[in-house]
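Working notes for the structure below.
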Amino acid sequence: ILIFLEHTSTITAGSNYNIQNLLVSEEYLLEKSVQFFQVERGGDLTAHEVGQLVIYPHIDLKKRNITIGDYLHLLTQTLIQSISDVWGILVIENKEKPGLYLASNPNKKLVSMGVYFKSYFTSYGVAINLRNDLSVFRMINPCGQDAANMVSLLSLGLDTSIEKEEEFRETFLMKFTTALDSFSTCQN
């Protein structure tokens, strides 16, 4: 199952979050209608906003005979290829910091990643900053980093229309399911 969605203004705290990375009070969050949740995924604090595309893959890795490492590689490479195909920009990994960053400026983060595994079943996933204004990110140090390093496709001057988002979803879905199927077939 692949779920594509947007969240309202929300901050989530992973199992390793540092409360010092929350830069505003709980009262301020309430005043701004920003929800705060502790979740099971790893990592620190991240933000979700309208205009950000969130993808939650729910995959039984054991049934498909895929290791966690192979799954993470497959997910990451599919995102990199799909973003390049649709928007013509290159994003890269940083092995020391989760997420995907602009190749042209490796301090600028476009995609947040937080995956959880239980009995080889995946949950949580990725968030791509499309046309969100990044205001909720400024309330935290996302993943312990400076919020000024967060970028959206809109802030880069790229087309973030609903049609372009749909093109990305279709591209990602096709590439991801094809990769999953071919990987599973190769292993059998």
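Atoms considered below: every heavy atom in the structure, side chains included; atoms not considered: hydrogens, waters and symmetry mates.
A donor-acceptor distance shorter than 3.5 angstrom exists from the side chain of Glu6 to the backbone of Gly51, with no hydrogens or angles considered. Checked by atom type and distance alone, the side chain of Thr122 pairs as donor or acceptor with a backbone atom of Pro57 at under 3.5 Å. Using a distance-only test at 3.5 Å, with no hydrogens or angles considered, a donor-acceptor pair links the side chain of Thr177 to the main chain of Leu173. In this structure a side-chain-to-backbone donor-acceptor pair under 3.5 Å is present from Glu49 to Ser135.
Of all heavy-atom pairs between Ile83 and Val111, the closest is CD1-CG2, 3.8 Å. The two residues Gly42 and Ser15 have their closest heavy-atom pair at CA-OG, 3.5 Å.
Applying the salt bridge (Lys or Arg N to Asp or Glu O under 4.0 Å) test to pairs two or more places apart or on separate chains, none has a residue in residues 32-45. Residue pairs meeting the ring pair (Phe, Tyr, Trp, His ring centres under 6.0 Å) criterion with at least one partner in residues 120-148, sequence neighbours excluded, are absent. The stretch residues 103-119 participates, sequence neighbours left out, in no salt bridge (Lys or Arg N to Asp or Glu O under 4.0 Å) pair at all. The salt bridge (Lys or Arg N to Asp or Glu O under 4.0 Å) pairs that include a residue from residues 80-104 are Asp85-Lys175, Glu93-Lys95, where partners are two or more places apart or lie in different chains. The list of salt bridge (Lys or Arg N to Asp or Glu O under 4.0 Å) pairs with a residue in residues 139-158, not counting sequence neighbours, is empty. Judged as a ring pair (Phe, Tyr, Trp, His ring centres under 6.0 Å), the pairs with a partner in residues 21-56 (not counting sequence neighbours) are, in order, His7-His48, His7-Tyr56.
By the 4.5 Å heavy-atom criterion applied to side chains, Thr76 and Met113 are counted as neighbours. Using a 4.5 Å heavy-atom threshold, the side chains of Phe176 and Leu74 count as touching. Between Val24 and Leu22 there is a side-chain heavy-atom pair separated by less than 4.5 Å. Proximity of Leu100 to Ile80: side-chain heavy atoms (C-beta onward) are separated by under 4.5 Å at one or more points. Using a 4.5 Å heavy-atom threshold, the side chains of Ile11 and Val136 count as touching. Contact of the Asp181 side chain with the Arg64 side chain is registered, since non-hydrogen atoms from C-beta on lie closer than 4.5 Å. When side chains are defined from C-beta on, Thr10 does not count as touching Val34, because their heavy atoms never get closer than 4.5 Å. With contacts defined as side-chain heavy-atom distances shorter than 4.5 Å, the pair Leu180/Ile66 qualifies.
Among the candidates Ile128, Thr160, Leu130, the single residue satisfying the side chain to side chain contact (heavy atoms under 4.5 Å, CB included) test with Phe168 is Ile128.
A 6.0 Å sphere centred on CD1 of Ile19 holds more than 12 heavy atoms belonging to other residues, nucleotides or ligands. Environment of CD in Glu26: sparse, with no more than 12 heavy atoms of neighbouring residues, nucleotides or ligands closer than 6.0 Å.
Applying the side-chain contact (heavy atoms from CB on, under 4.5 Å) criterion to Leu158, with sequence neighbours excluded, gives Trp87, Ile89, Leu153, Leu156. With sequence neighbours excluded, no residue forms a side-chain hydrogen bond (donor to acceptor under 3.5 Å, both in side chains) with Ser119. The side-chain contact (heavy atoms from CB on, under 4.5 Å) check on Ser155 picks up Val151, Ser152, with sequence neighbours excluded. Here Tyr71 pairs with nothing under the side-chain hydrogen bond (donor to acceptor under 3.5 Å, both in side chains) rule; sequence neighbours left out. Partners of Gln38 under the side-chain hydrogen bond (donor to acceptor under 3.5 Å, both in side chains) rule, at least two apart in sequence or in another chain, do not exist in this structure. Under the rule for a side-chain hydrogen bond (donor to acceptor under 3.5 Å, both in side chains), the partners of Arg169 that lie at least two apart in sequence or sit in another chain are Glu166.
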Side chain to side chain contact (heavy atoms under 4.5 Å, CB included) evaluation trace for Leu110 with Tyr101:
CA-CA 6 Å; Leu110 179 68; Tyr101 298 78; over 6 Å; no
Check the pair Thr67 / Lys62 against side chain to side chain contact (heavy atoms under 4.5 Å, CB included), numbers first and verdict last.
CA-CA 8 Å; Thr67 67; Lys62 189 171 268 186; over 6 Å; no
Begin from the C-alpha positions of Asn141 and Leu45 and carry the test side chain to side chain contact (heavy atoms under 4.5 Å, CB included) through to its verdict.
CA-CA 7 Å; Asn141 290 322; Leu45 299 177; over 6 Å; no
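Rounded to the nearest 0.5 Å, atoms CD (Gln77) and CG (Leu75) are 10.0 Å apart. Of the inter-residue distances, the one linking Ile1 atom CD1 with Ser123 atom OG reads 12.0 Å to the nearest 0.5 angstrom. Separation of atoms CG (Asp60) and CG (Asn65) is listed at 11.0 Å; rounding is to 0.5 Å. Interatomic distance, CG of Asn94 versus CG of Asn107, reported as 8.5 Å (0.5 Å rounding).
Both Ile55 and Leu61 are part of a single hydrophobic cluster, where members link through side-chain heavy atoms under 4.5 Å apart. In the hydrophobic clustering of ILVMFWY residues, with side-chain heavy atoms under 4.5 Å counting as a link, Leu90 and Val86 come out together. In terms of hydrophobic clustering, with Ile, Leu, Val, Met, Phe, Trp and Tyr side chains grouped at heavy-atom distances under 4.5 Å, Val126 and Met150 are assigned to different clusters. Note on Leu2 and Val54: separate hydrophobic clusters, where clusters join Ile, Leu, Val, Met, Phe, Trp and Tyr whose side-chain heavy atoms are under 4.5 Å apart, directly or indirectly.
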